[in-house]
S.K.: 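The following block contains the structure, expressed as structure tokens.
Excluded from the calculations below are hydrogen atoms, water molecules and symmetry mates; all remaining heavy atoms, backbone and side chain alike, are included.
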Amino acid sequence: MKHITLKLCLLLLLAVFTVEANAATSEIIVDQLRYSVYTTSGTATVTGLSDKNVSSVVIPEYVEYNGEQYSVTSIGSYAFEGCSGLTSVTIPNSVTSIGSSAFKDCSGLNSVRLGVAVISIGENAFGGCELDDIYTFSKVPPTIYANSFSPYSYSYAIVTTPDTSLDKYKIEWSDFLHFRKNSTDPEKAYIYTVDTPGDLLNLIDTNDADAISKLKLIGEINGTDLLVLNKMVNITSLDLSEATIVSGGMPYYDKDNERFGTEDNTLGNKWAYNLNLIQELELPESLIKIGSYAFSGKKFLIQINIPGSVSLIGSFAFDGCTGLKKQALQV
């Protein structure tokens, strides 16, 4: 009788915990990504796409819900299964696990970037994908199964690893045939001095550019440099305090019947159009003007330093900067 009573108590306790867990879960869609948000733990899991025609996915480290930010810590099982139009995916440094069959049969997927915190990749996670490039930034090889990747990927994909971890990956991921090391450390703040406007392209290895998350630029930079900067889509911290914006170079923005180039001491309209993960920003000390929509949609931006030299800020410059607090504006 005691055993029956104890078992009943355990079942009731489990039911209570299950109800509480479910009550703490909300399903949301942000920027075409579906999430399960867990309000009790402050975390979120990516569960899929609202539009399966999306070709490139950059998963953010945080997602906002009801005015609160939740850390994206996992990719759910079957989240992107069968999204054949998907060609590339970037998994942020906050994610620790990728569920089973998460990207199974994404037949068009050829490039994957795995953040520094990924520790496990489930069965069939990339089954049926013909990957050509796998960039992994964890210094400890994530745990994988024999079928986590497809036979094609094991045979043809080039696995790019941290510089000091190449030998570990060759042992732990021995089914792969091709490896190369990446000298870029995503946790390091990279500093580049641009001696000649437009020369940023020659300073940064294009293969590693979008692995950089923390960057400081020194010297004069023009439209060509901003064009290169906007290809570095994983930047979270950008310091331009010792940079000077000068006119010239290529247009940094040329689409949707709009074309913008640089002007002296001006961050022009939509100058950071592709830096969607930016969180911290130091503006040039010589800056005078900030253009319209300059930071529009930068929902992860939480801190920005605007120098006292700025005399004009364009319309909708901070539209959609939901994470930015007034006290973070240092004028």
S.K.: Run the side-chain contact (heavy atoms from CB on, under 4.5 Å) check on I221 and T262 step by step: do they pass?
M.R.: CA-CA 9 Å; I221 57 178; T262 51; over 6 Å; no
S.K.: Counting only heavy atoms not in E263 (residues, nucleotides, ligands), do more than 12 fall under 6.0 Å from its CD?
M.R.: no
S.K.: Please check if the side chain of S153 supplies one atom and the backbone of L131 the other of a donor-acceptor pair under 3.5 Å.
M.R.: yes
S.K.: Determine the minimum heavy-atom distance between A125 and G99, stating which atoms define it.
M.R.: CB-O, 3.7 Å
S.K.: Minimum heavy-atom separation for S36 to T47, with atom names?
M.R.: OG-CG2, 3.4 Å
S.K.: Any side-chain donor-acceptor pair under 3.5 Å between Y65 and S26?
M.R.: yes
S.K.: Would you indicate whether K289, at its atom NZ, is surrounded by more than 12 heavy atoms from other residues, nucleotides or ligands within a distance under 6.0 Å?
M.R.: no
S.K.: Would you call E258 and K270 a salt bridge, using N to O less than 4.0 angstrom?
M.R.: yes
S.K.: Judged by modelled atom types alone, do S77 and S101 share a side-chain donor-acceptor pair under 3.5 Å?
M.R.: no
S.K.: What pairs with Y192 under ring-ring contact (aromatic ring centres under 6.0 Å, His included), at least two apart in sequence or on another chain?
M.R.: none
S.K.: Side chains of S315 and S292: do they bring a donor and an acceptor to under 3.5 Å?
M.R.: yes
S.K.: Identify the heavy atoms of S155 and L177 that sit nearest to each other, and give their distance.
M.R.: O-CD1, 3.7 Å
S.K.: Donor-acceptor pairs are to be reported for all side-chain atoms of residues 51-59 against protein atoms at under 3.5 Å, with residues two or more places apart or in another chain.
M.R.:
residue	atom	partner	partner atom	Å
D51	OD1	N53	N	2.9
S56	OG	S88	OG	3.0

S.K.: I'd like to know if the side chain of T73 reaches the main chain of V95, judged simply by a donor and an acceptor atom lying under 3.5 Å from each other, with no hydrogens or angles considered.
M.R.: no
S.K.: Establish, from distance only, whether the side-chain atoms of S41 and T43 form a donor-acceptor pair under 3.5 Å.
M.R.: yes
S.K.: Take Y253 and L226, measure what side-chain contact (heavy atoms from CB on, under 4.5 Å) needs, and give me the verdict at the end.
M.R.: CA-CA 9 Å; Y253 186 95; L226 291 186; over 6 Å; no
S.K.: Would you say Y152 has more than 12 foreign heavy atoms packed within less than 6.0 Å of its OH?
M.R.: yes
S.K.: Tell me whether T224 contacts the main-chain N or O of M250 through its side chain, where contact means a donor paired with an acceptor under 3.5 Å.
M.R.: yes
S.K.: Between I218 and I191, is any pair of side-chain heavy atoms under 4.5 Å apart?
M.R.: yes
S.K.: Looking at K170, is its backbone amide N or carbonyl O close enough to the side chain of S174 to form a donor-acceptor pair, meaning the two atoms are under 3.5 Å apart?
M.R.: no
S.K.: Of all residues at least two apart in sequence or in a different chain, which pass the side-chain contact (heavy atoms from CB on, under 4.5 Å) check with S50?
M.R.: I29, Q32, R34
S.K.: Give the minimum heavy-atom separation between P141 and W173, together with the two atoms involved.
M.R.: CB-NE1, 3.9 Å
S.K.: For F179, I'd like to know if atom CZ has over 12 heavy atoms of other residues, nucleotides or ligands within 6.0 Å.
M.R.: yes
S.K.: Could you check whether any side-chain N or O of N305 sits under 3.5 Å from a backbone N or O of E282, counting only pairs where one atom can act as donor and the other as acceptor?
M.R.: no
S.K.: What residue pairs, at least two apart or across chains, pass ring pair (Phe, Tyr, Trp, His ring centres under 6.0 Å) with a residue in residues 115-134?
M.R.: F103-F126, F126-F149
S.K.: For I288, check side-chain contact (heavy atoms from CB on, under 4.5 Å) against everything at least two apart and list the hits.
M.R.: N265, S311
S.K.: Determine, step by step, whether V112 and D133 satisfy the side-chain contact (heavy atoms from CB on, under 4.5 Å) criterion, reporting the C-alpha distance in whole Å, the side-chain angles of both residues, the deciding distance to 0.1 Å, and the verdict.
M.R.: CA-CA 6 Å; V112 173; D133 294 295; over 6 Å; no
S.K.: Which pairs pass salt bridge (charged side-chain N to carboxylate O under 4.0 Å, His left out) with one or both residues in residues 71-91, sequence neighbours excluded?
M.R.: none
